[in-house]
Amino acid sequence: MTALPPGSTIGILGGGQLGRMLTLAAAELGLKCHIYSDVPGGACDVACASTIGPFEDAEKVRAFAETVDVVTYEFENVPLRAAAAAEAVAPVRPGPKALAVAQDRLEEKNFIEDLGLPVAPFANVEDDASLAAALSTIGETGILKTRRLGYDGKGQVRIKSAADLAPAFESLKSAPCVLEGLVPFDFEVSVLVVRALTGETRFYDIPLNTHKNGILDTSTVPSPLPEPHAARARDIAGAIAAALDYVGVLAVEMFYVPGAPEPLVVNEIAPRVHNSGHWTMDACLISQFENHIRAVVGWPLGDTARHADVTMTNLIGADVDRWRELAAEPGTALHLYGKPEPRPGRKMGHINRLRPGS
Ligand code: AMP
């Protein structure tokens with residue numbers, strides 16, 4: 001279990017803003033990054049090397065992995081074949097098991113439920129028969145979600161009555177789905193846990209997350225989650241990380257239902273650094289990005305303590321046009337991702353507004 005020394009190269013599968021911020025954090029520690037992406041730009045603009053190719057090209061991914069000391073990823077839809085090809089020549093951290101679980105909502109829910117942890121009621125939907133069965137288990141209201149490739153509220157349809165279900169399934173092109181019961185939550189939180197090769201785990205403070213049009217809008221710490229429930233949330237996330245023998249940062253999104261026998265319900269997991277942890281860049285000594293890098297190269301984990309209160313606000317689409325005004329705002333740190341076009345719904349950057357610590 002030796003640590004990779006400074007000067008080592010980390011291969012990152014995925015070239016978006018998360019890969020970019022991981023690369024910048026690695027550079028601070030004298031580590032290099034080689035990005036594998038299907039498009040140029042993004043993380044490739046700040047990395048030492050990049051390979052452009054489809055993620056489905058397992059041979060190319062293997063050749064990429066041969067040039068690096070360890071492989072990690074910044075999105076959960078890396079094809080399992082590609083991850084396996086990389087793993088044949090270099091350690092892949094977190095391991096492919098986390099990918100397999102996070103790629104498929106049904107596997108994810110079964111995995112979490114099998115650990116004895118709370119998830120929203122769910123049922124598999126893959127054809128007319130299972131559709132009818134799901135309706136009788138879950139009831140008439142819920143959310144139909146595709147098992148794979150859903151993100152930022154895409155691949156989901158709200159169900160308000162039994163009549164909605166068949167058209168909703170059709171609108172999702174009859175792709176394999178899960179029907180989830182509606183959780184009557186007060187608010188949403190996420191737990192950001194980092195787990196080292198040694199199994200040591202550390203937690204960031206738990207942010208309160210708000211969404212706009214299905215996309216994360218703000219993450220605020222401290223959150224109003226009462227401490228005993230925050231402790232429970234950390235236990236849940238820690239148990240998931242341990243069960244995956246996880247290495248790196250894991251995000252576990254949860255609903256908070258005060259008064260319920262089990263007030264924290266897991267919504268989904270992301271086996272990577274997460275948008276709801278971007279505030280750690282400015283409000284913590286060691287950010288989620290640096291801690292992910294430290295974990296995957298086998299270094300001691302960094303301090304997750306928070307030194308300021310903060311609200312992170314995403315800059316979506318044209319929000320970024322206000323960069324001049326935002327850059328002039330006192331007490332804030334602006335982070336822009338260098339994306340060329342501010343298309344609607346596209347994450348262009350974020351701003352961390354700090355307040356003195358409470
Ligand atoms: P997801 O893509 O699963 O994170 O869902 C996007 C958003 O839809 C969540 O952040 C919630 O606001 C809402 N949502 C998802 N699943 C449920 C559920 N079972 N009950 C209530 N709200 C939900």
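Hydrogens, waters and symmetry mates play no part in the numbers below; they use all other heavy atoms, side chains included. Quantities reported herein were computed from a predicted structural model and do not represent experimental measurements. One-based numbering, in listed order, for ligands and for the atoms of each.
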Query raised in the report: Can you tell which part of I143 has a heavy atom less than 4.0 Å from ligand 1: side chain, backbone, both or neither?
Result: side chain
Query raised in the report: When you measure from the side chain of R195 to the backbone N and O of Y246, does any donor-acceptor pair fall under 3.5 Å?
Result: yes
Report summary line: Nearest heavy atom to atom 11 (C) of ligand 1, choosing from K145, E188, H211, belongs to E188
Query - Short side-chain to backbone donor-acceptor contact, W299 and L4, under 3.5 Å - result: yes
**Report entry** Heavy atom of G181, distance to ligand 1 below 4.0 Å
**Finding:** yes
Query - Main-chain N/O of A308 paired with R306 side-chain donor or acceptor, under 3.5 Å - result: yes
Query - F75-F55 aromatic ring centre distance below 6.0 Å - result: yes
Query raised in the report: Looking at ligand 1, does any of its N/O atoms fall within less than 3.5 Å of an N/O of F185?
Result: no
Query raised in the report: Is a side-chain N or O of N291 found less than 3.5 angstrom from the main chain of G302, in a donor-acceptor match?
Result: yes
Query raised in the report: Numbering the atoms of ligand 1 from 1, which are under 4.0 Å from a heavy atom of L182?
Result: 20 (N), 21 (C)
Requested in this report: Go through ligand 1 atom by atom and flag the ones less than 4.0 Å from a non-hydrogen atom of E268.
Outcome: 1 (P), 2 (O), 3 (O), 4 (O)
Query raised in the report: How does N267 reach ligand 1, by side chain, by backbone, by both or by neither, if only non-hydrogen atoms under 4.0 Å count?
Result: side chain
Query raised in the report: Regarding H278 and Q288, is there a side-chain donor-to-acceptor distance under 3.5 Å anywhere?
Result: yes
Query - Atoms in ligand 1 with a heavy atom of R105 nearer than 4.0 Å - result: 2 (O), 3 (O)
Report task. Decide side chain to side chain contact (heavy atoms under 4.5 Å, CB included) for E253 and H274; before the verdict, give the C-alpha distance in whole Å, the side-chain angles of both, and the deciding distance to 0.1 Å. Result -> CA-CA 10 Å; E253 295 181 43; H274 193 254; 3.2 Å; yes
Report summary line: For F255, the atoms of ligand 1 under 4.0 Å from one of its heavy atoms are 11 (C), 14 (N), 15 (C), 16 (N), 17 (C), 18 (C), 23 (C)
